[in-house]
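Keep in mind the model is a prediction, meaning the values are calculated, not measured.
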Amino acid sequence: MPPRISPLKDAMHHVVSKTDKTFKLDVKYINAEKGRGLFAKGVFCKGDFVVEYRGDMINDAELQRRRKRYHASCAAFMFDFKWRGKTWCIDASREDGSFGRIVNDDHKHPKCKMKKIDVNGKPHLCLFALHDIKEGEEITYDYGGEDYPWRTQMSGIAVNTSASGDTDPSVPLETQMEDESAQISSPQQMSGIAVNTSASGDTDPSVPLETQMEDESAQISSPQQCF
């Protein structure tokens, strides 16, 4: 049996190739309130790389310009974070078929945690499994923050999910993560209640000892449709 590829190298491979794990992930419609979600078609072990949050990487000035121009449903897909002392943003408002922008918020039982990895001097936002994820379970992470309207609205509504419970340069062999915290806005479906994405920090996924990965304290509004 071939040795298991490290989560970091797996993430870097998908970052460079700009691909998602289509053989292990599937987008499904959940309901009118939540819209779409991302689900596991196979098993993910604790610490595994799951998906990258891809989009346009823009600086703070462009971020502010786009926020003024965008409809709220699009602005919610904008993921702000700190990198080497400056504010950057991954703008995933454009529907490009990538899976990361579909992941919903779950601040109570997140399946994944957002981490920032450095590939050839550029930051990439990637989700890693907080614990084992079974086939059929929804991929989620904690957007961070406490003021998302769907969290209070969802408290009285039964959520229909499959999860229950409880630049292309060659990649350096060694990668270091910046020790900075992120602020995120990344939506999935802003019509009413929407979004279920997770990146909480109760437990860190296991990562290779030779690599430092930064925990992202994410504040996200990640919609699934941008009107």
Side-chain angles (χ1 to χ4, degrees), residues 2-25 38 44-66 77-103 112-130 139 141 143-144 167-186 197-199 201 204-220 222:
R4 177 177 175 242
I5 186 173
S6 75
L8 178 63
K9 288 183 179 180
D10 190 23
M12 291 167 67
H13 165 75
H14 285 87
V15 163
V16 171
S17 61
K18 298 180 181 179
T19 58
D20 292 321
K21 295 185 175 181
T22 54
F23 65 100
K24 290 190 72 173
L25 295 167
L38 189 65
F44 287 90
C45 297
K46 179 180 178 180
D48 280 355
F49 164 71
V50 178
V51 70
E52 180 189 5
Y53 189 84
R54 296 202 306 272
D56 298 335
M57 183 174 167
I58 57 177
N59 60 23
D60 188 49
E62 179 63 14
L63 165 61
Q64 302 309 322
R65 188 185 74 82
R66 293 190 186 189
F77 281 103
M78 305 180 83
F79 193 129
D80 315 358
F81 62 96
K82 291 290 186 180
W83 176 252
R84 297 179 178 173
K86 295 182 180 180
T87 298
W88 298 89
C89 172
I90 299 297
D91 179 1
S93 57
R94 180 172 56 89
E95 179 70 77
D96 60 358
S98 64
F99 286 173
R101 67 192 300 278
I102 304 299
V103 182
C112 300
K113 187 178 184 73
M114 186 69 79
K115 290 180 177 288
K116 185 166 51 189
I117 71 170
D118 180 335
V119 179
N120 290 329
K122 292 186 178 181
H124 293 266
L125 306 177
C126 297
L127 288 173
F128 293 83
L130 277 170
I139 306 301
Y141 70 108
Y143 284 6
T167 75
D168 270 15
S170 60
V171 181
L173 293 177
E174 302 274 333
T175 309
Q176 288 188 345
M177 309 294 304
E178 281 283 317
D179 183 19
E180 319 203 62
S181 58
Q183 262 194 339
I184 300 168
S185 348
S186 134
T197 333
S198 56
D204 281 356
S206 39
V207 293
L209 293 177
E210 73 271 14
T211 319
Q212 296 175 6
M213 305 182 76
E214 180 194 350
D215 295 349
E216 291 301 338
S217 172
Q219 275 191 358
I220 302 180
S222 159

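A 4.5 Å side-chain heavy-atom check between Lys86 and Asn59 finds every atom pair outside the cut-off. Cys89 is not listed as a side-chain neighbour of Glu62, based on a closest heavy-atom distance of 4.5 Å or more. Two residues are said to be in side-chain contact when any heavy atoms from C-beta on lie closer than 4.5 Å; Asp10 and Asp48 fail this criterion. Contact check for Trp88 versus Pro123: no side-chain heavy atoms found under the 4.5 Å cut-off. By the 4.5 Å heavy-atom criterion applied to side chains, Val103 and Met114 are not counted as neighbours. Side-chain contact between Leu127 and Lys113 is absent, with no heavy-atom pair separated by less than 4.5 Å. Contact of the Lys115 side chain with the Cys126 side chain is not registered, since no non-hydrogen atoms from C-beta on lie closer than 4.5 Å.
Remark: Lys18 NZ to Glu52 CD distance equals 9.5 Å, nearest 0.5 Å. Leu38 CG to Ile139 CD1: the interatomic distance, rounded to the nearest 0.5 Å, is 5.5 Å. With rounding to the nearest 0.5 angstrom, the CG atom of Leu130 is 8.5 Å from the NZ atom of Lys46. A distance of 7.0 Å separates CG in Asn120 from CE in Met12, rounded to the nearest 0.5 Å. Separating the CG atom in Leu63 from the CG atom in Asp56 is a distance of 12.0 Å, to the nearest 0.5 Å.
For the pair Lys21 and Phe99, the cation-pi criterion (under 6.0 Å, within 45° of the ring axis) is not fulfilled.
Summarising the geometry of Tyr53 relative to Gly100, their closest heavy-atom pair is CD1-O, 3.5 Å, with the distance given to 0.1 Å. Heavy atoms only, all atoms of each residue included: Ala11 and Phe128 are closest at CB-CZ, 3.9 Å. Nearest heavy atoms, Phe49 versus Pro7: CB-O, 3.6 Å.
The only option from Asp91, Asp20, Asp96 that meets the salt bridge (charged side-chain N to carboxylate O under 4.0 Å, His left out) definition with Arg54 turns out to be Asp20.
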